[in-house]
There are 2 protein chains.
Amino acid sequence: MTDHAAAKPLHQKIITDLEGKILSGVWPPGYRIPFEHELTAQYRCARMTVNKALSALAAAGLITRRRRAGSFVAQPPTQSAMLHIPDLATEIREKGAAYGYRLIKRRIVGIEEAPHGLVGTTWLILDAVHFANNRPFAAEARWINLDAVPDATNADFAQTPPGSWLLAQVPWTRAAHEIRALNANAALAKTLAVTKGAACLMVERRTWRMGDAITYVRQIFPGDSYRLTADFSP
Amino acid sequence: MTDHAAAKPLHQKIITDLEGKILSGVWPPGYRIPFEHELTAQYRCARMTVNKALSALAAAGLITRRRRAGSFVAQPPTQSAMLHIPDLATEIREKGAAYGYRLIKRRIVGIEEAPHGLVGTTWLILDAVHFANNRPFAAEARWINLDAVPDATNADFAQTPPGSWLLAQVPWTRAAHEIRALNANAALAKTLAVTKGAACLMVERRTWRMGDAITYVRQIFPGDSYRLTADFSP
DNA sequence: GAGTGGTCTAGACCACAAA
DNA sequence: TTGTGGTCTAGACCACTCC
């Protein structure tokens with residue numbers, strides 16, 4: 001008997017257990033998880049079995065391992081390298097431009113289902129604009145599920161862009177993107193300081209953690225000044 | 001002494017060796033790779049070591065494993081699930097629309113470096129249009145590196161879209177995308193049957209195999225009829 | 001039925017980095 | 001120096017599946 005678990009490989013059970021601790025936040029980034037020999041004792045198994053589980057977690061990027069030091073919960077589940085849509089503030093600064101941000105509107109609504117297919121009872125809705133060198137760079141509409149991220153209620157989104165705040169605070173396990181092109185209408189043209197009808201790139205992103213909706217964001221960029229890039233292997 | 005290799009884990013060497021066979025095409029899709037016990041003999045190591053390597057290849061999707069049957073080179077290194085830009089023909093048909101395709105121009109040029117940052121001495125250049133239900137769906141400009149894919153010289157791209165052909169024929173190891181929005185100029189508007197100035201989505205993709213450039217493609221879609229989607233986990 | 005992969009054990013030695 | 005992870009061994013039993 002490996003455990004009470006039904007026909008599930010032990011190393012898989014270890015992976016599931018540790019993932020739960022990490023993704024739920026019980027073990028925050030930087031936390032030193034038990035040594036292999038401790039887990040060996042806890043699960044009554046050989047070190048190879050524990051090692052297999054930890055190696056898998058390391059390969060998945062959930063933990064980092066250092067000889068003599070131990071294994072640690074990896075730093076922010078940073079934005080995936082797959083689809084390179086980093087935090088706009090970081091991205092703009094990396095290009096050497098001055099980053100600016102202005103919160104346009106903030107409100108909290110109670111609604112069972114956001115009009116984006118995400119489920120949650122209470123939503124924080126933000127409208128904001130990002131600037132690069134004082135020129136509008138992106139118009140952002142953001143929904144944050146306060147059921148999943150209650151701390152967002154007290155965050156100062158007049159100073160901190162919600163994307164930056166969320167990336168630093170909230171681990172996510174799944175993200176879905178939709179990308180399309182649209183012609184700027186009068187209002188959007190004014191916001192982005194482009195001519196009416198200019199082609200814009202619209203990116204929508206829904207993010208989940210363990211099946212719970214975290215956030216929805218719609219960002220619209222002037223088409224001539226922004227390119228999305230994605231670089232990956234099969 | 002595990003081997004003459006210099007400070008490289010044996011299971012890593014096995015992975016590298018097998019990857020080479022698979023990605024180079026020496027072992028085509030469907031090929032049954034040696035059994036674990038055969039590799040054990042070949043590398044003079046324990047089965048666990050071979051198993052570790054094969055498990056990693058399976059996790060990476062390069063091979064599939066079946067009890068009692070053996071391990072097989074996985075079917076086409078199909079388009080990654082990360083950024084869902086499948087073969088347009090497949091995608092259109094999955095939506096229930098009739099797929100059409102027309103080759104506009106075909107030519108071969110000798111040029112050291114394609115104007116897209118890719119290196120190769122001889123390029124096959126194709127211009128084509130994709131149709132869904134007889135309406136233009138995408139304008140495509142395609143460059144194929146004949147050094148890497150000599151068979152493309154004889155392929156009948158008047159019948160088979162180059163994207164479909166390449167996906168079925170050529171394994172790739174890296175792809176880079178750039179996505180932007182643009183207003184249709186007169187020529188593009190005519191090709192896509194949209195009004196001049198309509199917002200369009202432009203996708204550029206460069207693909208490599210083991211460091212060698214395979215293809216560059218630029219596809220332009222009417223912005224109101226196409227959305228790119230990407231769904232992934234960290 | 002026979003042979004494959006899936007999993008696990010109870011050791012071992014080594015490299016490396018932290019103390 | 002010390003203890004961690006990295007790797008490897010030579011077995012073992014089992015489940016599944018193809019013949």
Side-chain angles (χ1 to χ4, degrees), chain A residues 1-19 21-22 27-75, chain B residues 1-19 21-22 27-75:
Chain A
M1 66 190 121
T2 55
D3 214 0
H4 60 283
K8 194 179 182 183
L10 179 54
H11 75 264
Q12 192 58 53
K13 172 171 169 49
I14 299 176
I15 290 176
T16 304
D17 286 355
L18 302 188
E19 268 183 350
K21 289 281 202 337
I22 294 171
W27 288 351
Y31 180 89
R32 206 218 74 221
I33 74 176
F35 296 125
E36 289 192 354
H37 67 82
E38 293 174 322
L39 291 171
T40 291
Q42 179 180 335
Y43 286 96
R44 312 282 197 124
C45 66
R47 190 167 78 99
M48 274 287 307
T49 304
V50 168
N51 182 278
K52 186 169 189 170
L54 294 186
S55 297
L57 288 175
L62 270 184
I63 65 174
T64 58
R65 317 193 71 195
R66 297 205 313 275
R67 284 176 154 106
R68 165 74 211 210
S71 301
F72 302 81
V73 175
Q75 280 311 317
Chain B
M1 67 192 118
T2 55
D3 215 0
H4 59 283
K8 194 178 182 182
L10 179 53
H11 75 263
Q12 193 57 54
K13 172 170 169 51
I14 299 177
I15 290 176
T16 304
D17 286 356
L18 301 188
E19 267 183 351
K21 290 281 205 333
I22 294 170
W27 289 351
Y31 180 89
R32 207 217 76 222
I33 74 175
F35 296 125
E36 289 191 354
H37 68 82
E38 293 175 322
L39 291 171
T40 290
Q42 178 179 336
Y43 286 97
R44 312 279 195 132
C45 65
R47 187 165 78 99
M48 274 288 307
T49 304
V50 167
N51 182 278
K52 186 170 189 170
L54 294 186
S55 296
L57 288 175
L62 269 185
I63 66 174
T64 59
R65 318 193 71 194
R66 295 204 313 277
R67 283 177 154 104
R68 165 75 213 206
S71 301
F72 302 82
V73 175
Q75 282 310 319

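Reminder, nothing fancy here: chain letters follow the sequence lines and each chain counts from 1.
Rounding to whole angstrom units, NZ of residue Lys13(B) and C1' of dG6(D) are separated by 19 Å. As a whole-Å value, the separation of Leu54(A) CG from dC8(C) P is 14 Å. The distance from atom CD of Gln12(A) to atom P of dG5(C) is 20 Å, rounded to the nearest whole Å. When the C1' atom of dC8(D) is taken as reference, atom CD of Glu36(A) falls 14 Å away, rounded to whole Å. Note: NE2 (His37(B)) to P (dA12(D)) measures 17 Å, nearest angstrom. Between Asn51(B) atom CG and dC8(D) atom P the separation is 13 Å, expressed in whole Å. In this structure, Ile33(B) atom CD1 and dT4(C) atom P are separated by 13 Å, rounded to whole Å.
At the heavy-atom level, Ser55(A) lies nowhere under 4.0 Å from the strands shown.
For dT2(D), the base has a donor-acceptor partner in the side chain of Arg68(A) [N/O atoms by modelled type, under 3.5 angstrom]. With hydrogens and angles ignored, a donor-acceptor pair under 3.5 angstrom links the side chain of Arg67(A) to the base of dA15(C).
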For Ile15(B) and Gln12(B), what are the C-alpha separation, side-chain angles and deciding distance, and is it a side chain to side chain contact (heavy atoms under 4.5 Å, CB included)?
CA-CA 5 Å; Ile15(B) 290 176; Gln12(B) 193 57 54; 4.1 Å; yes

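For the pair Leu39(B)/Gln42(B), a side-chain contact is recorded, criterion being any heavy-atom separation below 4.5 Å from C-beta on.
Remark: Ile14(B) CD1 to Leu18(B) CG distance equals 7.0 Å, nearest 0.5 Å. To the nearest 0.5 Å, atoms OH (Tyr31(B)) and NZ (Lys21(B)) are separated by 8.0 Å.
With a 6.0 Å radius and a threshold of 12 heavy atoms from other residues, nucleotides or ligands, Arg32(A) has its CZ atom above the threshold.
For Ser71(A), no side-chain nitrogen or oxygen approaches OP1 or OP2 of dT4(D) to under 4.0 Å.
Proximity note for Arg65(A) (side chain, C-beta onward) versus dT4(C), dT7(D), dG5(D): the nearest is dG5(D). The Arg66(A) side chain lies nearest to dA18(C) when the options are dG5(C), dC8(C), dA18(C).
Residues passing the ring pair (Phe, Tyr, Trp, His ring centres under 6.0 Å) test with Phe72(A): none are found, sequence neighbours excluded.
Residue-to-nucleotide proximity on DNA chain C shows that, of Phe35(B) and Lys52(A), the 5′-proximal contact is made by Phe35(B).
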List every contact pair, protein side and nucleotides 9-11 of chain D side both N or O, where the distance is under 3.5 Å.
| unit_1 | atom_1 | unit_2 | atom_2 | d |
| --- | --- | --- | --- | --- |
| dT9(D) | OP2 | Ala46(B) | N | 2.7 |
| dT9(D) | OP2 | Thr49(B) | OG1 | 2.6 |

Side-chain donor-acceptor pairs under 3.5 Å in residues 48-63 of chain A, sequence neighbours left out?
| unit_1 | atom_1 | unit_2 | atom_2 | d |
| --- | --- | --- | --- | --- |
| Asn51(A) | OD1 | Ser55(A) | OG | 3.2 |
| Asn51(A) | ND2 | Glu36(A) | OE2 | 2.9 |
| Ser55(A) | OG | Asn51(A) | O | 2.8 |

